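The block underneath contains the structure these notes are about, expressed in structure tokens.
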Number of protein chains: 2
Amino acid sequence: MERFIDRCRQEGLKVTPQRIAIYQVLMASRNHPSADTVYREMSATHPTISFDTVNRTLLTFADIGVIKTVESYSGSRRFDTETAPHHHVHCVKCGRISDFNDQGIDTVEVPDRVVRDFSVIGQRMVVSGICPECGGK
Amino acid sequence: MERFIDRCRQEGLKVTPQRIAIYQVLMASRNHPSADTVYREMSATHPTISFDTVNRTLLTFADIGVIKTVESYSGSRRFDTETAPHHHVHCVKCGRISDFNDQGIDTVEVPDRVVRDFSVIGQRMVVSGICPECGGK
DNA sequence: TTAAGTGCAAAGGCTTTGCGGTGCC
DNA sequence: GGCACCGCAAAGCCTTTGCACTTAA
């Protein structure tokens, strides 16, 4: 939490009660929440915060790298509270995305010709399929 | 094109002029068009087709596997005319997605624990970064 | 003939923008 | 005290839905 506050100051962002509250909710969440999900989760403890502030704050956090935005397959934007490298399993039926870790995949080499002109931030394997709940396997 | 028509018939879909026209545009396109992009591209040659038909047809095509939907990072749904396995490079600034092929990555093994209960359809590496136009490298 | 497909229009979600009031620095 | 931030409201996209007309089979 100290680190979060420092980070905001570094970035020239003001440390407001709303931002702290949103940050706490994010750190407690283990999924890939949408802005609406975060907003709902907050409404119990912080009933006066606006959806707008939540949404804008999430975008701001993503901008400074506190969280990330996740690839999605339609619908609303999803955020990822896990900023360490990891990979995704995606159900094409229900859209659910779950994480997994694999150091081997983290370090798979992408051909140089592909990324020569890019400033690479990271790489992620996305496995698509049908989850058990949706009739897979 | 014959194969496309056969496929429609197999799936019980009627072969309409609109569907043929959309299919042609798709095959000529090399990117990851949105419904709107396809619609615009058609408007020169097929000015009477409606956006609705384009959009619904794209969803239908994705449903039967003629095209695929692509992960996106906000904004509108994107389609992929390349159905063979391939990988993506994604610019986090402008959102552009480009393809690359790499057989080594195609066959990277995902740990069994991850996919045990899934019916896996495919896997894709997504490399994130900043492209030259957006200030990368 | 008839079930599927098309086009139009409206509605519904999510996101973005603008602006006056508020509060961190 | 200034400037960033918040909350509210409206507008803008994109997608989805409903319905009457048309058309491929």
Side-chain angles (χ1 to χ4, degrees), chain A residues 1-2 4-23 25 32-43 45-64 66-67 69-79 95, chain B residues 1-2 4-23 25 32-43 45-64 66-67 69-79 93-95:
Chain A
M1 178 51 87
E2 283 306 318
F4 166 69
I5 292 178
D6 287 347
R7 186 144 190 190
C8 286
R9 296 242 162 88
Q10 277 174 31
E11 300 281 348
L13 297 181
K14 292 186 176 170
V15 179
T16 65
Q18 290 89 340
R19 282 179 177 161
I20 289 175
I22 292 168
Y23 182 75
V25 168
H32 302 94
S34 64
D36 189 59
T37 305
V38 175
Y39 175 63
R40 281 174 207 273
E41 282 180 21
M42 307 200 60
S43 58
T45 50
H46 299 79
T48 61
I49 202 168
S50 74
F51 171 80
D52 241 357
T53 298
V54 173
N55 191 41
R56 258 186 296 210
T57 301
L58 291 173
L59 290 174
T60 304
F61 284 177
D63 216 42
I64 66 172
V66 169
I67 57 178
T69 58
V70 176
E71 74 277 1
S72 78
Y73 292 79
S74 98
S76 54
R77 176 161 27 212
R78 304 287 208 80
F79 296 92
Chain B
M1 176 52 87
E2 285 305 317
F4 167 68
I5 293 178
D6 288 347
R7 186 146 191 189
C8 285
R9 297 240 162 87
Q10 277 174 31
E11 301 279 349
L13 296 181
K14 293 186 175 169
V15 180
T16 65
Q18 290 88 340
R19 282 179 177 161
I20 290 175
I22 292 167
Y23 182 75
V25 169
H32 302 94
S34 63
D36 189 59
T37 306
V38 175
Y39 175 63
R40 281 174 206 274
E41 282 181 20
M42 307 199 60
S43 58
T45 49
H46 299 80
T48 61
I49 202 168
S50 73
F51 171 80
D52 240 0
T53 298
V54 173
N55 192 41
R56 261 186 295 211
T57 300
L58 291 173
L59 291 174
T60 304
F61 284 177
D63 216 42
I64 66 173
V66 169
I67 57 176
T69 58
V70 175
E71 74 276 1
S72 78
Y73 291 80
S74 96
S76 54
R77 178 163 22 216
R78 303 288 208 79
F79 297 92
K93 294 275 186 192
C94 64

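The chains referred to below are lettered A, B, ... by the order of the sequence lines, with proteins before strands, and numbering in each begins at 1. Since the structure is predicted, the reported quantities are computational estimates derived from the model, not experimental observations. As a basis for the values below, the full set of heavy atoms in this structure was taken, side chains included, without hydrogen atoms, waters or symmetry mates.
- The two atoms that bring B/Phe79 and B/Val70 nearest to each other are C-CG2, 3.8 Å, heavy atoms only.
- Shown for residues 45-55 of chain B: residues whose heavy atoms fall under 4.0 angstrom of DNA chain D, namely B/Phe51, B/Asp52, B/Asn55.
- Atom CG of A/Asp36 and atom P of C/dG13 are 11 Å apart (whole Å).
- Among the protein residues, B/Leu58 comes within range of no part of the nucleic acid, since none of its heavy atoms lies under 4.0 Å from any strand.
- Nearest heavy atoms, A/Tyr23 versus A/Val66: CE1-CG1, 3.7 Å.
- In this structure, A/Val54 and A/Leu58 have side chains that are in contact, with non-hydrogen atoms separated by less than 4.5 Å.
- From the 5' end on, the contacts that DNA chain D makes with chain B at under 4.0 Å to a non-hydrogen atom open and close at D/dC14 to D/dA25.
- Judged by closest nucleotide on DNA chain D, B/Arg78 is the one of B/Arg9 and B/Arg78 placed further toward the 5' end.
- Following rounding to the nearest Å, A/Leu59 (CG) and C/dT17 (P) show an atom-to-atom distance of 10 Å.
- DNA chain C is contacted by A/Lys14, A/Val15, A/Pro17 of residues 10-23 of chain A, taking any non-hydrogen atom closer than 4.0 Å.
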Sequence neighbours left out, cut at 3.5 Å: what donor-acceptor pairs do the side chains of residues 9-21 of chain A make with other protein atoms?
residue: A/Thr16; atom: OG1; partner: A/Arg19; partner atom: N; Å: 3.2
residue: A/Arg19; atom: NH1; partner: A/Lys14; partner atom: O; Å: 2.8

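- For A/Ser43, there are no side chain to side chain contact (heavy atoms under 4.5 Å, CB included) partners, not counting sequence neighbours.
- To the nearest 0.5 Å, the span separating CE on B/Met42 from OG1 on B/Thr48 amounts to 9.0 Å.
- Side-chain N/O atoms of A/Arg77 include one lying less than 4.0 angstrom from OP1 or OP2 on C/dT16.
- From B/Asp52, atom CG reaches atom OG1 of B/Thr57 across 9.5 Å, with rounding to the nearest 0.5 Å.
- In plain terms, the two heavy atoms of A/Arg78 and A/Gly95 that are nearest each other are NH2-O, 4.2 Å.
- Residues passing the side chain to side chain contact (heavy atoms under 4.5 Å, CB included) test with A/Thr37, sequence neighbours excluded: A/Pro33, A/Ser34, A/Glu41.
- Here B/His46 contributes atom NE2 and B/Thr53 contributes atom OG1; the two are 12.5 Å apart, rounded to the nearest 0.5 Å.
- By the 4.5 Å heavy-atom criterion applied to side chains, A/Ile22 and A/Phe61 are counted as neighbours.
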